[in-house]
Amino acid sequence: MSRGWDTYNWIFGAGDYTNDGRTDVLARTKTGTLYLFPGTGKPDRPFDSRIKLGEGFNAYSKLVGTGDLTGDGKGDFVAATPSGDLYRFDGGAAKNYFAPRAKIGYGYQVYNGMY
(Lines give C-alpha, C1' and ligand atoms only; values in the text may rest on other atoms or scores of the structure.)
Protein backbone atom coordinates (compact mmCIF):
# COMPACT_ATOMS: atom_id res chain seq x y z
CA MET A 1 0.00 0.00 0.00
CA SER A 2 1.41 3.41 -0.96
CA ARG A 3 1.79 6.29 1.44
CA GLY A 4 2.39 10.00 1.21
CA TRP A 5 -0.80 11.01 -0.56
CA ASP A 6 -1.42 13.61 2.15
CA THR A 7 1.19 15.71 0.31
CA TYR A 8 -1.49 16.48 -2.26
CA ASN A 9 -4.50 18.74 -1.81
CA TRP A 10 -6.21 17.80 -5.10
CA ILE A 11 -6.22 14.37 -6.76
CA PHE A 12 -8.15 13.70 -9.94
CA GLY A 13 -8.21 11.82 -13.20
CA ALA A 14 -10.53 10.59 -15.87
CA GLY A 15 -8.48 9.02 -18.56
CA ASP A 16 -5.34 7.70 -20.06
CA TYR A 17 -2.93 10.64 -20.16
CA THR A 18 0.12 8.57 -21.19
CA ASN A 19 -1.52 6.78 -24.15
CA ASP A 20 -0.66 3.31 -22.86
CA GLY A 21 -4.21 2.05 -22.40
CA ARG A 22 -4.22 2.47 -18.60
CA THR A 23 -6.03 5.07 -16.51
CA ASP A 24 -3.73 7.61 -14.88
CA VAL A 25 -4.07 10.05 -11.98
CA LEU A 26 -3.03 13.69 -11.56
CA ALA A 27 -2.22 15.19 -8.17
CA ARG A 28 -1.46 18.76 -7.05
CA THR A 29 0.73 19.53 -4.04
CA LYS A 30 -0.19 22.20 -1.52
CA THR A 31 2.44 24.45 -3.13
CA GLY A 32 0.88 24.08 -6.61
CA THR A 33 3.08 21.51 -8.35
CA LEU A 34 1.13 19.14 -10.58
CA TYR A 35 2.24 15.53 -10.99
CA LEU A 36 1.14 12.70 -13.24
CA PHE A 37 0.98 9.17 -11.83
CA PRO A 38 0.90 6.70 -14.73
CA GLY A 39 -1.37 3.73 -14.19
CA THR A 40 0.27 0.31 -14.15
CA GLY A 41 -2.75 -1.97 -14.42
CA LYS A 42 -1.49 -3.88 -11.37
CA PRO A 43 -3.84 -4.10 -8.36
CA ASP A 44 -1.00 -4.28 -5.82
CA ARG A 45 0.83 -1.26 -7.32
CA PRO A 46 -1.70 0.75 -9.35
CA PHE A 47 0.56 3.74 -10.13
CA ASP A 48 4.10 4.16 -11.33
CA SER A 49 6.51 6.86 -10.10
CA ARG A 50 5.23 10.40 -10.42
CA ILE A 51 6.18 12.71 -13.29
CA LYS A 52 6.32 16.45 -12.66
CA LEU A 53 4.10 18.35 -15.11
CA GLY A 54 4.49 21.90 -13.88
CA GLU A 55 4.13 24.47 -11.15
CA GLY A 56 1.66 27.25 -10.43
CA PHE A 57 -1.43 25.06 -10.37
CA ASN A 58 -2.42 26.52 -7.00
CA ALA A 59 -3.80 29.39 -9.15
CA TYR A 60 -6.78 27.08 -9.77
CA SER A 61 -9.48 26.48 -7.20
CA LYS A 62 -10.89 23.49 -9.07
CA LEU A 63 -9.29 20.79 -11.25
CA VAL A 64 -11.36 18.13 -12.99
CA GLY A 65 -10.42 15.22 -15.21
CA THR A 66 -12.89 15.16 -18.09
CA GLY A 67 -11.83 12.34 -20.34
CA ASP A 68 -11.53 13.21 -24.03
CA LEU A 69 -13.11 16.64 -24.66
CA THR A 70 -11.51 17.24 -28.04
CA GLY A 71 -12.29 13.97 -29.82
CA ASP A 72 -8.66 13.02 -30.36
CA GLY A 73 -8.73 9.94 -28.12
CA LYS A 74 -6.54 11.52 -25.43
CA GLY A 75 -7.54 12.47 -21.88
CA ASP A 76 -7.99 16.16 -21.08
CA PHE A 77 -8.73 18.15 -17.93
CA VAL A 78 -10.23 21.51 -17.02
CA ALA A 79 -9.24 23.99 -14.33
CA ALA A 80 -11.14 26.95 -12.88
CA THR A 81 -9.65 30.01 -11.21
CA PRO A 82 -11.23 31.55 -8.09
CA SER A 83 -12.47 34.42 -10.29
CA GLY A 84 -14.32 31.90 -12.50
CA ASP A 85 -12.20 31.60 -15.63
CA LEU A 86 -12.27 28.06 -17.04
CA TYR A 87 -9.31 26.55 -18.90
CA ARG A 88 -8.93 23.31 -20.84
CA PHE A 89 -5.66 21.37 -20.86
CA ASP A 90 -5.57 19.07 -23.90
CA GLY A 91 -3.82 15.76 -23.43
CA GLY A 92 -1.41 14.29 -25.92
CA ALA A 93 1.38 16.86 -26.07
CA ALA A 94 4.42 14.58 -26.44
CA LYS A 95 6.97 16.11 -24.06
CA ASN A 96 4.73 17.59 -21.35
CA TYR A 97 1.68 15.32 -21.76
CA PHE A 98 -0.61 18.38 -21.97
CA ALA A 99 -0.80 21.31 -24.36
CA PRO A 100 -0.75 24.85 -22.94
CA ARG A 101 -4.05 25.89 -21.43
CA ALA A 102 -6.87 27.27 -23.56
CA LYS A 103 -9.51 29.53 -22.03
CA ILE A 104 -12.94 28.03 -22.67
CA GLY A 105 -15.24 29.98 -20.38
CA TYR A 106 -15.83 32.38 -17.55
CA GLY A 107 -18.35 32.86 -14.75
CA TYR A 108 -17.68 29.50 -13.11
CA GLN A 109 -17.14 31.07 -9.68
CA VAL A 110 -20.91 30.71 -9.11
CA TYR A 111 -20.49 26.94 -8.89
CA ASN A 112 -19.37 25.51 -5.56
CA GLY A 113 -18.19 22.18 -6.92
CA MET A 114 -16.67 20.54 -9.98
CA TYR A 115 -16.21 16.80 -9.81
Side-chain angles (χ1 to χ4, degrees):
M1 178 156 242
S2 62
R3 298 172 195 235
W5 289 95
D6 58 342
T7 302
Y8 307 99
N9 65 357
W10 204 278
I11 300 170
F12 65 102
D16 175 14
Y17 301 117
T18 57
N19 298 318
D20 64 0
R22 298 181 192 105
T23 301
D24 307 312
V25 167
L26 300 171
R28 180 186 69 186
T29 65
K30 297 168 186 167
T31 59
T33 304
L34 188 66
Y35 290 97
L36 167 68
F37 288 84
T40 65
K42 301 173 186 174
D44 60 329
R45 187 174 170 257
F47 304 109
D48 213 343
S49 299
R50 69 185 188 178
I51 300 167
K52 184 177 177 179
L53 296 180
E55 297 179 7
F57 283 86
N58 51 352
Y60 303 103
S61 56
K62 300 170 183 80
L63 299 157
V64 178
T66 58
D68 180 14
L69 287 177
T70 58
D72 63 1
K74 297 174 174 75
D76 308 314
F77 73 92
V78 297
T81 64
S83 63
D85 291 336
L86 188 66
Y87 294 92
R88 185 185 71 232
F89 290 82
D90 298 342
K95 182 180 176 187
N96 298 320
Y97 296 97
F98 293 95
R101 70 183 189 173
K103 188 172 181 179
I104 59 171
Y106 59 91
Y108 283 81
Q109 74 277 10
V110 300
Y111 300 103
N112 64 4
M114 289 175 59
Y115 307 99

- Item | Taking every non-hydrogen atom, the tightest pair across Pro82 and Ala59 | CD-O, 3.3 Å

- Query: Side chain of Thr66, backbone of Asp76: donor and acceptor closer than 3.5 Å?
  - Reply: yes

- Query: Closest approach of Asp16 and Gly21, non-hydrogen atoms and distance?
  - Reply: OD2-N, 2.7 Å

- Would Val78 and Leu69 satisfy side chain to side chain contact (heavy atoms under 4.5 Å, CB included), going step by step from the backbone distance to the final call? CA-CA 10 Å; Val78 297; Leu69 287 177; 3.8 Å; yes

- Separation of Tyr17 OH from Leu53 CG (nearest 0.5 Å): 10.5 Å

- Are any non-hydrogen side-chain atoms of Leu26 and Tyr97 less than 4.5 angstrom apart? no

- State whether the side chain of Asp24 and the backbone N or O of Gly39 hold a donor-acceptor pair below 3.5 Å, judged by distance alone. yes

- So OG1 of Thr40 and CG of Asp48: to nearest 0.5 Å the spacing works out to 7.0 Å

- Message: For a salt bridge (Lys or Arg N to Asp or Glu O under 4.0 Å) check, start with the C-alpha distance between Asp72 and Lys74, then their side-chain angles and the critical distance, and finish with the verdict.
- Response: CA-CA 6 Å; Asp72 63 1; Lys74 297 174 174 75; 5.1 Å; no

- Item | Any donor-acceptor N or O pair under 3.5 Å, side chains Thr70, Asp90 | no

- Between CZ of Arg28 and CG of Asn9, what distance do you get to the nearest 0.5 Å? 4.0 Å

- OH on Tyr106 to OG1 on Thr81, rounded to 0.5 Å: 13.5 Å

- Query: Residues two or more places apart in sequence or in another chain: which of them pass side-chain contact (heavy atoms from CB on, under 4.5 Å) with Thr33?
  - Reply: Thr29, Thr31, Tyr35, Lys52, Glu55

- Query: Distance under 6.0 Å and angle within 45° of the ring axis: does Arg101 meet both against Tyr87?
  - Reply: yes

- Note on the structure: ring-ring contact (aromatic ring centres under 6.0 Å, His included) filter on Tyr8, not counting sequence neighbours, yields Trp5, Phe37

- Task: Find the distance between CG (Leu86) and NZ (Lys103) and round it off to the nearest 0.5 Å.
- Result: 9.5 Å

- Taking it one step at a time, do Phe12 and Val64 satisfy side chain to side chain contact (heavy atoms under 4.5 Å, CB included)? CA-CA 6 Å; Phe12 65 102; Val64 178; 5.6 Å; no

- Query: Do Phe77 and Tyr60 have their ring centres less than 6.0 Å from each other?
  - Reply: no

- How many angstroms lie between atom CG of Leu34 and atom CD1 of Ile51, to the nearest 0.5 angstrom? 11.5 Å

